[in-house]
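Have a look at the structure below, then the notes.
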Amino acid sequence: MPELVIQLTRAGFLALLWLFVLAALRVVRSDLYAASGLRVQVPGGRREPQKAARGRSARQLVVTHGALAGTRISLDGRPITLGRADDSTLVLDDDYASTRHARLVLRGTDWYVEDLGSTNGTYLDRAKVTGPTRVSLRAPIRIGKTVIELHS
């Protein structure tokens, strides 16, 4: 009987080891896809043509993907701070967001996104933001697993 218990214990530990390895591979795979900037088309999520969006000003900041999907913030001209800090305008509960990650600023009639020295970077439509960058309507801004857009 003790030999059977030892064999079952070994099999149990082997099964737990494989579960750990598979979980680690899943995390690595999701990190690689997030870093590559691949976008997944959401069913029913149609985008307006860029030409039709011109001439209108942004009135709302909308979270389209991530834990806060569906959240809307009215834009009144004040800077919008994004990050994990409690005093941010949009507090991101995202492991890949820094405390003070990025800021949206109104300059004239255009909104600009700035990365505030974040660890994982801020991306505007697949391109890494390295300085103040103009944001057009419906252009996705990605911070970790969170995607936000400006809507009119």
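Atoms CH2 and OG1, from Trp111 and Thr133 in turn, are 15.0 Å apart once rounded to the nearest 0.5 Å. Here the CG atom belonging to Leu150 is positioned 6.0 Å from the CG atom belonging to Leu61, to the nearest 0.5 angstrom. Between the CZ atom in Arg138 and the CG atom in Asp125 there is a gap of 13.5 Å [rounded to 0.5 Å]. How far CZ of Arg142 is from CZ of Arg126: 10.0 Å, rounded to the nearest 0.5 Å. Atoms CG and OG1, on Leu92 and Thr99 in that order, are 11.0 Å from each other to the nearest 0.5 Å. Atoms NE2 and CG, from His151 and Leu137 in turn, are 8.5 Å apart once rounded to the nearest 0.5 Å.
By the 4.5 Å heavy-atom criterion applied to side chains, Leu75 and Leu104 are not counted as neighbours. Residues Ser57 and Thr109 form no side-chain contact, since every pair of their non-hydrogen atoms from C-beta on lies 4.5 Å or further apart.
Every residue two or more places apart in sequence or in another chain that forms a side-chain hydrogen bond (donor to acceptor under 3.5 Å, both in side chains) with Asp115 is listed here: Ser118, Thr122. Applying the side-chain hydrogen bond (donor to acceptor under 3.5 Å, both in side chains) test to Arg59 and every residue at least two apart in sequence or in another chain returns nothing. Applying the side-chain hydrogen bond (donor to acceptor under 3.5 Å, both in side chains) rule to Asp110 yields the partners Arg134; only residues at least two apart in sequence or on another chain are considered. Thr71 pairs by the side chain to side chain contact (heavy atoms under 4.5 Å, CB included) definition with Val63, Leu68, Leu90, not counting sequence neighbours. Partners of Leu4 according to the side chain to side chain contact (heavy atoms under 4.5 Å, CB included) rule, which considers only residues two or more places apart in sequence or in another chain, are Met1, Leu8. Considering only residues two or more places apart in sequence or on other chains, Arg107 meets the salt bridge (Lys or Arg N to Asp or Glu O under 4.0 Å) condition with Glu114.
A salt bridge links Arg100 with Asp87: the distance from a Lys NZ or Arg NE/NH1/NH2 to an Asp or Glu carboxylate oxygen falls below 4.0 Å.
Of all heavy-atom pairs between His101 and Ala97, the closest is ND1-CA, 3.6 Å. Between Gly77 and Leu106, the closest heavy-atom pair is CA-CD2, 3.7 Å. When all heavy atoms of Arg72 and Val62 are compared, the closest pair comes out as NH1-CG2, 3.3 Å. Listed here is the closest heavy atom pair of Tyr112 and Val135: C-CG2, 4.2 Å. The two residues Ala139 and Leu124 come nearest to each other via the heavy atoms CB-CD1, 4.0 Å. Heavy-atom minimum distance, Asn120 versus Tyr96: ND2-O, 3.0 Å.
Distance alone, capped at 3.5 Å, is enough to place a donor-acceptor pair between the Asp94 side chain and the Thr146 backbone. Of the possible donor and acceptor atoms, none in the side chain of Ser88 sits under 3.5 Å from a partner among the backbone N and O of Arg84. One N or O on the side chain of Thr89 and one on the backbone of Thr81 form a donor-acceptor pair closer than 3.5 Å.
Paired with Ile148 under the rule side chain to side chain contact (heavy atoms under 4.5 Å, CB included), one option of Ile80, Leu82, Ile73, Thr64 passes, and it is Leu82.
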